[in-house]
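Heads up: the structure comes next, in structure tokens.
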Amino acid sequence: MKAVSKLLQKIPPSTLSCSYRYSSSLQETSSLLNDFTNFCYHRDLPRAMHALETMEKHGVYADAVTYSNLIKCCLAHKAVREGKRLHHHVFSNGYAPKTFLINTFLNMYVKFNLLEEAQKLFDEMPERNVVSWTTMISAYSYVKLNDMAMKLFVLMVREGVMPNMYTFSSVLRACERLYDVKQLHCSMVKVGLESDVFVRSALIDVYSKLGELLEAMNVFREMVTGDNVVWNSIIAAFAQHSDGDEALYLYKSMGRASFPADQSTLTSVLRACTSLSLLELGRQVHVHVLKFDQDLILNNALLDMYCKCGSLEDAKFIFNRMAGKDVISWSTMIAGLAQNGFSMEALNLFGSMKVQGPKPNHITILGVLFACSHAGLVNEGWYYFRSMKTLCGIDPGREHYGCMLDLLGRAGKLDDMVKLIQEMNCEPDVVTWRTLLDACRAHRNVDLAAYAAKEIQKLDPQDIGAYVLLSNIYANSKRWSDVAEVRKAMRVRGLRKEPGCSWIEVNKKIHAFILGDKSHPQIDEIDKQLNQFISRLSGAGYVPDTNFVLQDLEGEQGEDSLRNHSEKLAIVYGIMSFPKEKTIRIWKNLKICGDCHIFAKLIAKLEQRHIVIRDPIRYHHFKDGVCSCGDYW
DNA sequence: CTAGGGTTAG
């Protein structure tokens, strides 16, 4: 009897009087309520809903806590209809629900992605507390309706409702301007909320999104107590901004501070390995990844690491083994194959994706066009480009036009390029004109090149590439006075071409070779070896291709400057450091020049080596005197 | 009843 009276205490007074009036007995009332509460507790939605109906018939009503349990039940079952019915049921009984119960419905609508319903309920609420406001702000920031989230935050403060740490971490996601973040940051410090770990990671995240890594680092450093999410936030920040070194350093510190690495940590670490081309470290991380075997995002990052580090065997192994591959997995593998020169395999994979994979997205198509472009498959390129709308439902964007222009440019179809630029659905930008300019240089069209270069200079007067290419074109056509003029214009603006630089990983250390830099401790030995190789290759018919000297504005003239190209030094150092069976992997900041390309092919044959060079655009696999790019890049 | 971190291209 004590239990029954305890149950009845939970029933709102207005409801209670109802239950006395209509129910047949007190015993029956309590047993109905008991059943209902039990069903809710066990998340048995159908029975709970049924019990509720029976209760209604007897004029018995549950209390707010039980209702909120039932709502949780609906959420767990994704039962939208039942949730709505519950909502109308509660509101039609003539008693005003408490704010916290309405908040629960608010939350339910948000979780069901019914933002309009939530907003309507929010507007009709007799009073709104921090939780009501925060629920709405969080809902809008989650779907990137940032203006709405910011607007609600301002309204909330104006109405005198104090934001708490939940509110701040929600509203931070919606900030698009540094000014707003700083303002919020100040308010948080004032009320002493900035030490909350949720707020802290949200701050790090938003500073990182705005590119303010120093601010992000400051927030991180001030941390007294933290958790692994805060660590993950700061590691992700650096990994996403291509500062792999810092990301890896923080990863090590995280371990020293005894915070365990989880899926999120490892994903960022792999991304760092990818951007630094650290295949060996990536392999070590792979071992830890095995603990999170079913994590899709993590496996995608692993897959990308193997692709970008040029180890396609590993990438294919991972890809074939992955269960539940998504668009990103497929796109990564297709682009990986294409970038490593396996265009036909990439196109075949796209074929099977259409049969048995997820729906391709605009990035998938980019990989496909890239494959066509780098294999010189003009007709196939046109086919995929023209049919992407009907086959995949994707309108060509700026990048797709860019890929097509690249394809046409490589194939020397300059007229088609101009036509395509005219029919583009967006304004040509610097990249568009640079693609045209590159094509003009490769196919010696001086007049069109000059036109493109001038368009570039209109859009970006600081663009070094335009000057360099224009100068090279004039040089190739022996128009020396024009060359002098371009160089003078560069000097006046204080522009210098970035020096060529190549990296190679030996014994887990990165060795950098920069054009004209002699600081490597073994440079004398490398030089000696290089000279020996060159004379041996000369015997086999190697002639330095001085045509490419003309691309090198800063270098000295003649064979000497070619001889010192950083990738040659890196290749020789790789041969010196590695046994024959180990693949030599080199990373380069500029596109490989024609002479180094020939050199790499010949030396791969002479020394029986497998050499992989990754430039900013693609990969070259040298083996047995040929390159995977088919001399087309 | 309300809050934080990770993957493809450019």
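A quick note: this is a predicted structure, and the numbers were derived from the prediction, not measured. To find a chain, count down the sequence lines: A is the first, B the second, and so on, and within it residues start at 1.
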Donor-acceptor pair present, A:D227 side chain and B:dG4 base, under 3.5 Å: yes
Which is true for A:R398 with a 4.0 Å heavy-atom rule: it touches a base, it touches only sugar-phosphate, or it touches nothing? nothing
Record whether the side chain of A:S170 comes under 3.5 Å of the base of B:dA3 through a donor-acceptor pair of N or O atoms. no
Under 4.0 Å, counting only non-hydrogen atoms across every strand here, what does A:A236 touch: a base, just sugar-phosphate, or nothing? sugar-phosphate
Is there a donor and acceptor pair, one atom on the side chain of A:S201 and one on the base of B:dG4, closer than 3.5 Å? yes
Closest non-hydrogen atoms of A:S187 and A:F168, given as atom of the first, atom of the second and distance, are CB-CZ, 4.2 Å
What closest approach, in Å, do A:W587 and A:S277 show between heavy atoms, and which atom pair accounts for it? CD1-OG, 3.3 Å
Taking N and O atoms by type only, does the side chain of A:D262 place a donor or acceptor under 3.5 Å from a partner on the base of B:dG6? no
Nearest to the side chain of A:D205, heavy atoms from C-beta on, is which of B:dC1, B:dA3, B:dG4? B:dG4
Indicate whether A:Y166 forms a stack on B:dT2; treat it as stacked only if centroid distance is below 5.5 angstrom and interplanar angle below 30 degrees. yes
Look at the side chain of A:V197 and decide which nucleotide, out of B:dG4, B:dT8, B:dC1, has an atom nearest to it. B:dG4
Pair A:R128-A:T99, side-chain donor/acceptor within less than 3.5 Å: no
Is A:R200 reaching over with its side chain to a backbone N or O of A:V230, donor-acceptor style, under 3.5 angstrom? no
What orientation do A:F259 and A:W231 show, parallel under 30°, tilted 30 to 60°, or perpendicular over 60°? tilted
May I ask you to say whether A:E176 pairs ionically with A:K209, meaning some side-chain N is under 4.0 Å from a carboxylate O? no
Give a yes or no on whether a donor-acceptor pair under 3.5 Å exists between the nucleobase atoms of B:dC1, that is its base, and the side chain of A:N103. yes
For a quick test of reading the model: is some side-chain N or O of A:R271 closer than 4.0 Å to OP1 or OP2 of B:dT8? yes
Establish, with yes or no, whether the OP1 or OP2 oxygen of B:dC1 is under 4.0 angstrom from a side-chain nitrogen or oxygen of A:K72. yes
By side-chain contact (heavy atoms from CB on, under 4.5 Å) - contacts of A:K325 (at least two apart): A:F319, A:M322, A:S329, A:W330
Scan residues 156-164 of chain A against DNA chain B and write down, sorted by residue number, each residue with any heavy atom closer than 4.0 Å; if none is found, say none. A:N164
